[in-house]
Amino acid sequence: MNTREAVVQRIEELRDQKKTANGKPWTNNHLALDAGIPQSTLKSIMNGESRNPGIVNIKIICDSLGVSLAEFFNTDTFRNLPQEIE
């Protein structure tokens with residue numbers, strides 16, 4: 001797994017914990033609307049089309065999901081990522 005894949009996995013994990021008014025998990029559209037970012041931006045991140053989603057976009061997504069950047073990245077997945085620069 002690379003860093004981009006880990007970011008997507010973490011967003012999905014946190015997004016799925018959020019519920020709509022009728023109790024269903026949030027979709028990417030719910031997240032984009034709540035975060036105030038274009039749906040195309042989130043789609044690009046989630047589909048792996050964005051080579052670098054940017055820390056500002058990740059922070060905005062974290063704010064919408066109710067977690068800090070520290071909480072977002074504080075997982076075994078991120079701690080165990082291999083170095084990408086060789």
At their closest point, which heavy atom of I60 faces which heavy atom of A35, and how far apart are they?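 Minimum heavy-atom contact is CG2-O, 3.3 Å.
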
Taking all non-hydrogen atoms of both residues, which atom of E5 and which atom of M1 are closest, and how far apart?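 It is OE1-CA, 3.2 Å.
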
Side-chain heavy atoms of K19 within contact of P25, under 4.5 Å: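 Yes; the side chains approach each other to less than 4.5 Å.
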
Check whether any side-chain heavy atom of N28 sits under 4.5 Å from a side-chain heavy atom of I11, and report yes or no.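 Answer no - side chains too far apart.
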
R15: salt bridge (Lys or Arg N to Asp or Glu O under 4.0 Å) partners, not counting sequence neighbours: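 With sequence neighbours excluded, R15 shows a salt bridge (Lys or Arg N to Asp or Glu O under 4.0 Å) to no residue whatsoever.
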
Residues which pass side chain to side chain contact (heavy atoms under 4.5 Å, CB included) with [X], listed by chain and number, not counting sequence neighbours:
{"X": "N52", "value": "none"}
{"X": "L69", "value": "I55, I58, K59, C62, F73"}
{"X": "N80", "value": "D76"}

Which residue pairs pass the side chain to side chain donor-acceptor pair (under 3.5 Å) test with at least one member in residues 37-51, sequence neighbours excluded?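 Qualifying pairs: none.
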
As an exercise, state the distance from [atom1] of [X] to [atom2] of [Y], rounded to the nearest 0.5 Å.
{"X": "T77", "Y": "Q9", "atom1": "OG1", "atom2": "CD", "value": "5.0 Å"}
{"X": "L42", "Y": "I61", "atom1": "CG", "atom2": "CD1", "value": "5.0 Å"}
{"X": "K18", "Y": "D34", "atom1": "NZ", "atom2": "CG", "value": "6.5 Å"}

Under the 3.5 angstrom rule, does the side chain of N74 hit a backbone N or O of A70 as a donor-acceptor pair?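 A pair under 3.5 Å: no.
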
Enumerate the ring pair (Phe, Tyr, Trp, His ring centres under 6.0 Å) contacts for residues 35-72, please, sequence neighbours excluded, ordered by first and then second residue.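 Those involving residues 35-72 are F72-F78.
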
Picking from L14, T20, L33, what satisfies side-chain contact (heavy atoms from CB on, under 4.5 Å) with W26?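 Looking at L14, T20, L33, the match for W26 under the side-chain contact (heavy atoms from CB on, under 4.5 Å) is T20.
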
